[in-house]
Chemist: 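Pasting a structure below so you can have a look.
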Amino acid sequence: MGRIRILPDQVANKIAAGEVVERPASVVKELLENSLDAGATDLRIEVESGGRRLIRIVDDGCGMLRDDALLAFERHATSKLRDVKDLVSIATLGFRGEALPSIGSVSRLLLETRSAEETTGTRIEIAGGKMLRCEEAALGGGTSITVRDLFYNVPARRKFLRTEQTELAHIASLVTHYSLAHPDKTFLLHSGPTELLHVTPVATLEERVYQVFGSQALENLVEIGVREREMFLPPPSVPPSQGVAEYQREPDDPPTRIFRLTGFFSRPQVQKANRNSIFIFVNRRLIRDRLLMHALGSAYHNLMPASSYPFALLFLECDPAEVDVNVHPSKTEVRFRHGSFVHDFVRDTIRERLVETRPAPSFSPAASSAAAVQPAARLPYSEFSQMIEDVGQVSGQVSELPEAPEAPPAGDLPPFVLRPAPSPAQRLDFSAPPLEVAPGPPPSGKLSRRLDDHGEFPPEAIPPPEMSLSVLSDLRPLGQIHESFIVAAGRDGLWIIDQHVAHERILFEQVMKQRAAGRVEVQRLLMPLVLTLTPEQQIDYARIADELRASGFETEPFGNRTIAVKAAPAAVSAADLERVLFEILETAEGELRNASLDDLRRGICASIACRAAIKINTRLDASKMAWLLHALAETDCPMSCPHGRPIAMHYSTREILKAFHRI
Ligand code: ADP
Ligand code: MG
């Protein structure tokens with residue numbers, strides 16, 4: 001791999017000693033990254049006792065020349081940079097020359113390597129940072145590194161290790177996700193006799209997702225495809241303060257930068273309790289980044305309750321000069337030179353794809369009303385993730401954050417159940433007794449023979465399952481349940497639609513469009529409405545006054561902590577006005593205090609829409625129902641209300657047939 005040079009202090013200073021190796025998973029991460037940097041296409045990883053007893057990684061990469069192999073254990077020696085300047089544009093996964101010496105100082109390490117340029121290989125043995133042996137050996141090409149007895153000489157560290165299963169689950173998750181970033185390579189992960197992952201090269205990410213998670217998980221994911229956005233850099237003559245902070249274009253830099261996003265994310269009905277199912281790669285480096293997490297969250301804004309998270313596998317690629325990877329000891333955080341550009345690109349791309357696919361939640365006969373947010377799993381459900389999580393269960397101890405806090409329900413892929421209205425369900429006020437929508441026992445697997453022939457259902461009459469809600473446009477309303485839910489027959493099966501949230505979605509999009517066009521329909525009040533604000537509300541009011549005006553609320557300060565409302569959006573009735581305004585102020589002081597203008601605007605529009613929407617427990621005649629369904633079909637996001645609740649449930653013909661054992 002060429003000559004290894006000692007790195008200057010700039011890099012070394014940023015790392016506190018020992019931070020590189022925190023736990024077995026960090027050892028695996030560093031070793032994997034080295035193999036990938038060495039161009040390996042076949043990576044075999046073996047782990048015993050949660051990685052403490054043994055971690056071995058064998059690769060078919062370029063190997064090391066003997067001299068380089070010795071240098072690799074010198075601190076801050078790396079073959080991946082030639083110059084300090086390279087630090088601002090790092091294309092490899094490693095760059096500090098920290099990992100091997102750190103790992104060698106807390107374990108017994110055996111390195112076996114041979115470069116194609118040498119006829120014999122090199123075997124080096126190290127224990128607790130001391131070189132015990134260095135000899136010539138007959139070896140195949142590539143590198144094998146075996147790490148035994150991790151932290152044997154650092155008892156304090158050893159004590160902090162979690163259970164074997166927890167450490168193993170971390171390692172499995174890590175290897176899995178690196179395998180997703182490299183569909184063209186083989187990854188084999190073994191723990192003792194158990195094969196945890198074995199994937200062979202495939203041509204596309206989709207095939208790799210299929211290999212790892214199975215077809216059912218794939219069905220609930222949306223593929224981004226390849227989306228790009230070009231950024232124009234300021235000319236070199238523009239000083240950084242006028243252009244973009246801390247970055248100045250060099251005269252020979254190209255004038256534009258391309259950012260590319262690929263990967264998968266889940267439909268809004270997949271709701272996880274935390275961020276553990278979000279995996280973000282920047283230039284194939286697995287990172288945890290707040291900016292990108294936030295961009296992803298914003299994409300789902302108004303489609304998912306604020307407290308739940310999607311599954312996502314995002315690959316962002318850009319010029320290495322656009323991202324500083326040298327800001328965190330274990331390289332898991334990065335800093336973008338043009339953060340807000342990247343943020344908006346990711347948010348817009350995902351939002352666009354969400355709108356394009358307009359998926360409908362399917363009505364699951366097995367859905368239990370007790371089902372809440374799905375337990376957060378690091379992986380979507382599949383045999384594989386189940387296995388990993390089962391491993392985590394054995395010890396009975398499942399650990400802190402980056403772990404799955406609960407086991408997913410046993411059995412097949414659990415249906416993505418619709419969430420019950422989140423509490424407090426202020427806006428849903430059932431005076432009638434609770435609904436019972438009990439479609440009978442779940443279909444119990446495949447029937448081996450037809451029990452009785454009650455008349456054939458012509459197979460061509462079963463439409464292919466359709467995920468898009470565009471089918472809403474030709475729904476035939478049949479009636480209402482509890483004067484709250486519209487039941488409708490469609491091209492493919494039965495639909496149940498929550499009339500309030502459906503109308504809320506329609507109004508929300510209407511108000512947003514009017515707002516964007518600067519043409520909000522306004523209605524003057526006969527008498528101004530005078531409201532008294534708390535000091536806190538007064539501050540929030542001052543902050544959002546402009547946005548309120550643009551949304552159709554004409555307000556004026558009127559003495560101390562009092563405002564007079566003279567006009568309001570036409571959609572809001574005078575009786576509701578006070579509540580809408582207080583609700584907006586409440587959101588503005590809570591979740592939206594640090595939110596962007598865009599989020600604030602959406603919050604205001606959502607409040608208006610919610611107040612103005614048809615309530616539940618309201619009788620609708622057939623023409624009103626038909627109008628509502630039609631208008632819903634025209635919306636961009638007919639699947640969930642602006643607060644993230646589902647709007648429609650779909651019981652497909654196929655599911656109906658299955659339930660009646662006709663297929
Ligand atoms: P870094 O990756 O930051 O350069 P490391 O301590 O991880 O530092 O590795 C030190 C050096 O050892 C690398 O720069 C590389 O030259 C060499 N090396 C490590 N692992 C491998 C491998 N699997 N194949 C080839 N070379 C390797
Ligand atoms: Mg490295």
Side-chain angles (χ1 to χ4, degrees), residues 1-15 17-22 25-46 55-84 86-87 90-107 109-118 121-124 126 129 131 134 139-147 174-175 178 182 185-187 283-286 320 325-332:
M1 219 190 181
R3 266 197 71 77
I4 299 185
R5 290 166 196 245
I6 308 296
L7 260 186
D9 284 349
Q10 275 97 325
V11 190
N13 285 345
K14 299 200 175 193
I15 317 154
E19 269 185 285
V20 178
V21 188
E22 280 172 343
S26 27
V27 174
V28 174
K29 178 171 186 284
E30 294 294 339
L31 298 181
L32 263 181
E33 291 183 346
N34 281 342
S35 296
L36 291 168
D37 279 343
T41 57
D42 188 350
L43 298 97
R44 286 153 199 273
I45 305 114
E46 213 183 308
I55 294 171
R56 175 178 297 133
I57 173 160
V58 182
D59 74 44
D60 64 342
C62 63
M64 291 178 239
L65 294 168
R66 183 152 316 119
D67 290 352
D68 289 347
L70 282 169
L71 257 178
F73 292 96
E74 300 270 327
R75 274 197 190 273
H76 312 311
T78 179
S79 62
K80 299 173 190 175
L81 299 180
R82 266 158 290 112
D83 201 313
V84 206
D86 290 350
L87 265 179
I90 294 168
T92 52
L93 297 168
F95 51 87
R96 290 173 179 148
E98 264 270 335
L100 285 189
S102 303
I103 297 167
S105 68
V106 292
S107 68
L109 188 149
L110 175 70
L111 166 76
E112 293 178 307
T113 188
R114 183 170 73 80
S115 147
E117 294 166 40
E118 284 180 332
T122 306
R123 180 176 293 132
I124 291 176
I126 288 188
M131 176 109 32
C134 172
L139 297 168
T143 302
S144 155
I145 294 184
T146 309
V147 176
L174 193 96
V175 177
Y178 267 109
H182 298 271
K185 301 182 194 289
T186 298
F187 288 80
N283 291 342
R284 306 250 168 145
R285 177 190 296 285
L286 181 58
V325 292
N326 191 21
V327 295
H328 189 264
S330 54
K331 302 174 286 177
T332 50

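Since the model is a prediction, treat every value here as computed from it, not as a measurement. Each residue takes its place number in the sequence, starting with 1. Ligands are counted one by one from 1 in listed order, and the atoms in each one are counted from 1 as well. All heavy atoms count here, side chains included; hydrogens, waters and symmetry mates do not.
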Chemist: Quickly, which of Leu139, Thr146, Ile145 forms a side chain to side chain contact (heavy atoms under 4.5 Å, CB included) with Glu112? Name it, please.
Modeler: Leu139
Chemist: For Gly61, state whether at least one heavy atom is located under 4.0 Å from any atom of ligand 1.
Modeler: no
Chemist: Counting N and O atoms only, with roles assigned by atom type, does the side chain of Arg66 sit under 3.5 Å from a partner on the main chain of Gly121, one being a donor and the other an acceptor?
Modeler: yes
Chemist: At a non-hydrogen distance cut-off of under 4.0 Å, which region of Glu30 contacts ligand 1 (side chain, backbone, both, or neither)?
Modeler: neither
Chemist: Pair Val28, Ile57 - check side-chain contact (heavy atoms from CB on, under 4.5 Å), show working.
Modeler: CA-CA 8 Å; Val28 174; Ile57 173 160; over 6 Å; no
Chemist: With a 4.0 Å cut-off on heavy atoms, is Gly142 touching ligand 1?
Modeler: no
Chemist: As an exercise, identify every atom of ligand 1 less than 4.0 angstrom from a heavy atom of Pro101.
Modeler: 6 (O)
Chemist: Please determine if Ala99 has a nitrogen or oxygen closer than 3.5 Å to a nitrogen or oxygen of ligand 1.
Modeler: yes
Chemist: Taking only heavy atoms of Leu100 into account, list the atoms of ligand 1 that are under 4.0 Å away from them.
Modeler: 5 (P), 6 (O), 9 (O), 12 (O), 19 (C)
Chemist: So, does Met64 sit close enough to ligand 1 that a heavy atom of it is under 4.0 Å from the ligand?
Modeler: yes
Chemist: Would you check if Met64 and Thr143 make a side-chain contact, meaning some heavy-atom pair closer than 4.5 Å?
Modeler: yes
Chemist: For residues His182 and Phe187, determine if any side-chain heavy atom of one lies less than 4.5 Å from a side-chain heavy atom of the other.
Modeler: yes
Chemist: Could you tell me whether some N/O pair between Asp37 and ligand 1 is separated by less than 3.5 angstrom?
Modeler: no
Chemist: Does Asp60 reach the main-chain N or O of Thr41 with its side chain, forming a donor-acceptor pair under 3.5 Å?
Modeler: yes
Chemist: Quick one: does Asn34 get an N or O within less than 3.5 Å of an N or O on ligand 1?
Modeler: yes
Chemist: Decide yes or no on side-chain contact (heavy atoms from CB on, under 4.5 Å) for Leu70 and Ile124, but give the supporting numbers first.
Modeler: CA-CA 8 Å; Leu70 282 169; Ile124 291 176; 3.8 Å; yes
